[in-house]
Amino acid sequence: MSMQHVLSPMKIGNVLLKNRFVMPAMDSSTTTPDHKFSQQSIDYLSARAKGGFALVIAEFLCVDPSGFATPNQVGIYDDSFIDHLKQLTTAIHEKNGTCAAQIHHAGIQTSSATTNAIPFAVSSIPSTKYKEPVKEMTTEEVYRMIEKFIDAGERAKKAGFDFVEVHGAHGYLIAQFMSKATNKRCDEFGGSYENRARFASEIIKGIKI
């Protein structure tokens, strides 16, 4: 396999990456109970930029407290997190890297012990892992959740992130909307593939504006 382009620069949108090496988002288990990156987290992620990765994707950032997948997951759900997140983006930029915020909501893939509330659900179908009662979102609550993702994207920009990655995998909330197994809704967010994709597409459109 030819590797001739790996070290060559490339552009994503208007941002120039110095090479093709990207560090994906991974849960480091070094974050704090107040939902922030520890200094260890910042040192670890910025060291990846120092080591040569052109793009470092920070581990998942929760758009609403109802969506924590882990007890110490970093938050991006209100403006009080912006200055703290700037510490990470500044550290990465100082080491000649670029960075992305991965924004996320767990949906039913969490427990009430983690969120201190009944988990939000696309439909009234519990997680096969946690097997807890869940709360199906009303249509109004779905639109509010879309706005929470969009607001998180705006905060990521204010915090200095170069990109936003919308977490739509691993069975979390966006994937739950997309899947026929977990989406049994009868409104504009359920049924056809187009409707099941509406939640994700509205988030992406809102962030790109």
Side-chain angles (χ1 to χ4, degrees), residues 15 22-51 53-95 97-120 127 129-130 144-176 199-200 203-204 206-207:
V15 180
V22 177
M23 179 182 172
M26 293 179 281
D27 184 5
S28 67
S29 298
T30 62
T31 51
T32 66
D34 59 346
H35 306 295
K36 294 181 178 180
F37 288 111
S38 65
Q39 188 59 50
Q40 182 184 2
S41 309
I42 294 171
D43 291 345
Y44 173 78
L45 290 168
S46 61
R48 309 283 77 74
K50 182 179 180 180
F53 281 90
L55 172 59
V56 176
I57 305 176
E59 62 187 80
F60 56 2
L61 310 177
C62 195
V63 304
D64 185 74
S66 65
F68 287 128
T70 62
N72 291 0
Q73 184 178 353
V74 175
I76 195 170
Y77 49 83
D78 66 48
D79 289 351
S80 66
F81 290 102
I82 293 174
D83 285 344
H84 169 72
L85 293 170
K86 280 182 180 177
Q87 296 177 34
L88 174 63
T89 61
T90 299
I92 291 173
H93 290 149
E94 285 176 346
K95 293 176 175 61
T98 62
C99 49
Q102 186 189 73
I103 58 176
H104 159 273
H105 190 288
I108 61 174
Q109 296 289 32
T110 188
S111 69
S112 55
T114 298
T115 63
N116 294 314
I118 298 173
F120 272 148
S127 164
K129 177 181 179 180
Y130 293 98
R144 283 206 297 267
M145 190 63 71
I146 290 170
E147 289 302 316
K148 290 178 185 292
F149 271 90
I150 295 169
D151 291 345
E154 182 63 29
R155 288 187 194 102
K157 181 179 180 180
K158 291 178 179 178
F161 286 97
D162 302 286
F163 306 99
V164 172
E165 181 179 71
V166 180
H167 195 330
H170 306 158
Y172 291 126
L173 185 63
I174 291 176
Q176 291 158 33
F199 184 74
I203 290 169
I204 294 166
I207 291 173

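Heads up: numbering here begins at 1 and tracks the sequence. As a basis for the values below, the full set of heavy atoms in this structure was taken, side chains included, without hydrogen atoms, waters or symmetry mates.
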Residue pair His35 / Pro71: nearest heavy atoms and the distance that separates them: CE1-O, 2.9 Å

I need the minimum non-hydrogen distance between Gly67 and Gln73, along with the two atoms involved. O-OE1, 3.9 Å

For Lys86, does its backbone N or O pair with a side-chain atom of Thr90 as donor and acceptor, under 3.5 Å? yes

Quick one: does Ser38's side chain have a donor or acceptor within less than 3.5 Å of a partner on Thr31's backbone? no

Between Phe53 and Val22, is any pair of side-chain heavy atoms under 4.5 Å apart? no

Taking only distance into account, with no hydrogens and no angle test, what donor-acceptor pairs under 3.5 Å do side-chain atoms of residues 152-169 form with protein atoms, sequence neighbours excluded?
| residue | atom | partner | partner atom | Å |
| --- | --- | --- | --- | --- |
| Arg155 | NE | Asp79 | OD1 | 2.9 |
| Arg155 | NH1 | Ile76 | O | 3.0 |
| Asp162 | OD2 | His93 | NE2 | 2.8 |
| Asp162 | OD2 | Cys99 | N | 2.9 |
| Glu165 | OE1 | Gln102 | NE2 | 2.8 |
| His167 | ND1 | Ala169 | N | 3.3 |

Judged by modelled atom types alone, do Ser80 and Asp78 share a side-chain donor-acceptor pair under 3.5 Å? yes

Going by the angle between their ring planes, with limits at 30° and 60°, are Tyr172 and His104 parallel, tilted or perpendicular? perpendicular

Mark yes or no for whether Thr114, through its side chain, and Thr110, through its backbone, hold a donor-acceptor pair below 3.5 Å. no

Could you give the distance from CZ (Phe37) to OG (Ser28), rounded to the nearest 0.5 Å? 7.5 Å

Considering residues, nucleotides and ligands other than Gln40, do more than 12 of their heavy atoms fall under 6.0 Å from its CD? no

For Ser127, check side chain to side chain donor-acceptor pair (under 3.5 Å) against everything at least two apart and list the hits. Gln109

As an exercise, state the distance from CG of Asn116 to OG of Ser111, rounded to the nearest 0.5 Å. 9.0 Å

Walk me through whether Thr30 and Tyr44 qualify under side chain to side chain contact (heavy atoms under 4.5 Å, CB included). CA-CA 9 Å; Thr30 62; Tyr44 173 78; 5.9 Å; no

How many angstroms lie between CZ in Arg48 and CD1 in Ile57, if you round to the nearest 0.5 Å? 14.5 Å

At what distance, to the nearest 0.5 angstrom, does NZ of Lys36 lie from CD of Gln87? 8.0 Å

Examine distances only and state if a side-chain atom of Glu59 and a backbone atom of Val74 form a donor-acceptor pair shorter than 3.5 Å. no

Could you measure the distance from the CG atom of Asp64 to the OG1 atom of Thr115? Nearest 0.5 Å is fine. 10.0 Å

Is it true that a side-chain atom of Thr98 and a backbone atom of Ala54 form a donor plus acceptor pair closer than 3.5 Å? yes

Do His105 and Phe68 come within less than 4.5 Å of each other through their side chains, counting heavy atoms only? no

Non-hydrogen atoms of Ile174 and Ala200 that approach each other most closely: CG2-CB, 3.8 Å

Closest heavy-atom contact between Ala58 and Leu88? CB-CD2, 3.9 Å

Inter-residue atom distance Thr70.OG1 - Phe60.CZ, 0.5 Å rounding: 4.5 Å

Within the structure provided, determine whether Ile108 and Leu173 are in side-chain contact (heavy-atom separation under 4.5 Å). no

Taken in chain and number order and not counting sequence neighbours, the residues that satisfy salt bridge (Lys or Arg N to Asp or Glu O under 4.0 Å) with Lys95 are none

For residues Pro119 and Ser112, report the shortest heavy-atom separation together with the two atoms involved. CG-N, 4.3 Å

